[in-house]
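Only one structure is covered here, and it is reproduced in the block below.
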Amino acid sequence: MDRYLVFGHPVRHSKSPFIHTLFARQTQQELEYGLAEPAVDEFAQALCTFFDQGGKGCNITVPFKEQAFTLVDRLSPRAKRAGAVNTIKLTDDGVLLGDNTDGAGLVADLKSHGVTLADSRILLLGAGGAARGALAPLLAELPSELVIANRTHTKAQQLAAEFCDLGPVTAQTYEQLAGLFDLVINSTSASLQGELPPLAPALIHTDIAIYDMMYGASDTAFISWAKQHGARQTMDGLGMLVEQAAEAFTVWRGIRPGTKQVLRELKRNLGVI
């Protein structure tokens, strides 16, 4: 039976085995999917051993995405742009192909919620790996403007400069932000600590769409804050998790699973309110 894993540290909380088991059942694919939690300095050896022992593919999560980028034989265009790999496939000719499905998962989830990206004004909070992975897929949807805001402004500037060939992307400080945004995406991990990005409440209006890449059994701190200031459409990253997994499954198996039922099952599993 074909074997797949998710590598991370820590990774025991991962819902990837749950998601991919449902995908396999739905598409009648014979595979098994497990967890691997090597020490941070043992990831390269663990990855090599997995494929030497017949592994077919894997997902990569924190803190190994950047390291995986350096360990594969070939990179997909979106992995090159993201500077990180979250999906690896062993091809039929024995090549380790590194891909990044995070941005595609984000865009797919936004669209599933009816969010219009074309000609929209988007604010992306954060300038780390999650933001980097999202930029190319977001810009491919042809927004009118994409603004990056980050606590360290120079990082936002560097990221904007790197992706400006793909579309109208700029960097602003939190203090400079003004005007109406159609969509705000929080790519920071602040919600995991119950913290908030320093965003002015005046930027929130009733027609804005709010997206937090983090998720939990109840609203994240950022979503709760946005609701308090009038946002009517709020979304967390649970759908992105399922959509990026579906993209990875498609890379591995050549068949795209449906996500709606799997997302419902995942919410039930998590006890999401």
Side-chain angles (χ1 to χ4, degrees), residues 62 65 81-84 100 102-107 109-111 113 115-117 120-141 143-164 166-216 219-241 243-244:
V62 176
K65 291 183 182 183
R81 271 293 185 176
N100 191 301
D102 286 333
L106 169 65
V107 168
D109 192 38
L110 285 166
K111 289 183 175 180
H113 284 94
V115 177
T116 299
L117 298 173
S120 64
R121 189 166 186 247
I122 300 173
L123 173 58
L124 180 62
L125 307 180
R132 175 181 291 273
L135 274 168
L138 285 171
L139 290 168
E141 296 298 318
S144 61
E145 183 182 17
L146 194 156
V147 177
I148 305 170
N150 189 58
R151 289 180 187 270
T152 305
H153 183 51
T154 53
K155 287 188 67 176
Q157 289 177 310
Q158 291 166 2
L159 202 55
E162 189 174 333
F163 283 83
C164 66
L166 298 183
V169 55
T170 60
Q172 295 181 16
T173 66
Y174 279 98
E175 293 74 24
Q176 289 172 328
L177 295 173
L180 290 177
F181 288 97
D182 301 296
L183 168 66
V184 178
I185 301 170
N186 180 23
S187 77
T188 76
S189 59
S191 287
L192 294 178
Q193 291 79 43
E195 299 172 357
L196 294 169
L199 193 65
L203 291 172
I204 306 300
H205 55 89
T206 55
D207 293 327
I208 201 168
I210 298 292
Y211 195 100
D212 194 339
M213 289 190 187
M214 302 300 108
Y215 63 88
D219 285 345
T220 67
F222 183 63
I223 285 178
S224 293
W225 175 86
K227 283 182 175 179
Q228 289 168 10
H229 290 93
R232 291 187 298 201
Q233 184 176 19
T234 59
M235 301 150 279
D236 68 15
L238 197 60
M240 175 181 172
L241 175 68
E243 293 291 351
Q244 66 80 23

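Everything numeric here is computed off the predicted structure, so don't read it as measured data.
Atom-to-atom distance recorded for Arg232:CZ and His205:NE2 is 10.5 Å, nearest 0.5 angstrom. Atom CD1 in Ile208 sits 11.5 Å away from atom OG1 in Thr234 (nearest 0.5 Å). Taking CG of Asn100 as the start and CD of Gln244 as the end, the distance is 9.0 Å to the nearest 0.5 Å. Ser191 OG to Leu196 CG: the interatomic distance, rounded to the nearest 0.5 Å, is 7.0 Å. Between Leu146 atom CG and Thr170 atom OG1 the span is 8.0 Å, to the nearest 0.5 Å. Distance check: Tyr211 OH to Leu183 CG gives 10.0 Å after rounding to the nearest 0.5 Å.
Contact record, Met214 with Thr188: CG-O, 3.9 Å, taken as the closest heavy-atom pair. Shortest non-hydrogen contact noted between Gln233 and His113 is NE2-O, 3.0 Å. Scanning all heavy atoms of the two residues, the minimum distance from Met240 to Asp102 falls at CE-O, 3.4 Å. Taking each heavy atom of Gly133 and Ala82 in turn, the nearest pair found is CA-CB, 3.8 Å. The shortest heavy-atom contact between Ala160 and Ala171 is CB-N, 4.0 Å. Of all heavy-atom pairs between Arg81 and Glu162, the closest is NH1-O, 3.1 Å.
Between Trp225 and Leu199 the shortest side-chain heavy-atom distance falls below 4.5 Å. In this structure, Val184 and Phe222 have side chains that are in contact, with non-hydrogen atoms separated by less than 4.5 Å. At a threshold of 4.5 Å between non-hydrogen side-chain atoms, the residues Cys164 and Val169 count as touching. Using a 4.5 Å heavy-atom threshold, the side chains of Arg132 and Phe163 count as touching. Counting heavy atoms from C-beta on, the side chains of Leu110 and Glu141 never come closer than 4.5 Å. At a threshold of 4.5 Å between non-hydrogen side-chain atoms, the residues Leu166 and Leu135 do not count as touching. Using a 4.5 Å heavy-atom cutoff, the side chains of Asp207 and Leu180 are not in contact.
Residues satisfying the side-chain contact (heavy atoms from CB on, under 4.5 Å) test with Glu195, not counting sequence neighbours, are Ala190, Gln193. In this view, Ala134 and Leu106, Leu138, Met213 satisfy the side-chain contact (heavy atoms from CB on, under 4.5 Å) rule, not counting sequence neighbours.
Of the residues Asp182, Leu177, Asn186, Ile185, the one that meets the side-chain contact (heavy atoms from CB on, under 4.5 Å) test with Leu123 is Leu177.
Side chain of Thr206 to main chain of Ala231: no donor-acceptor pair is present (N/O by atom type, distance under 3.5 Å, no hydrogens or angles).
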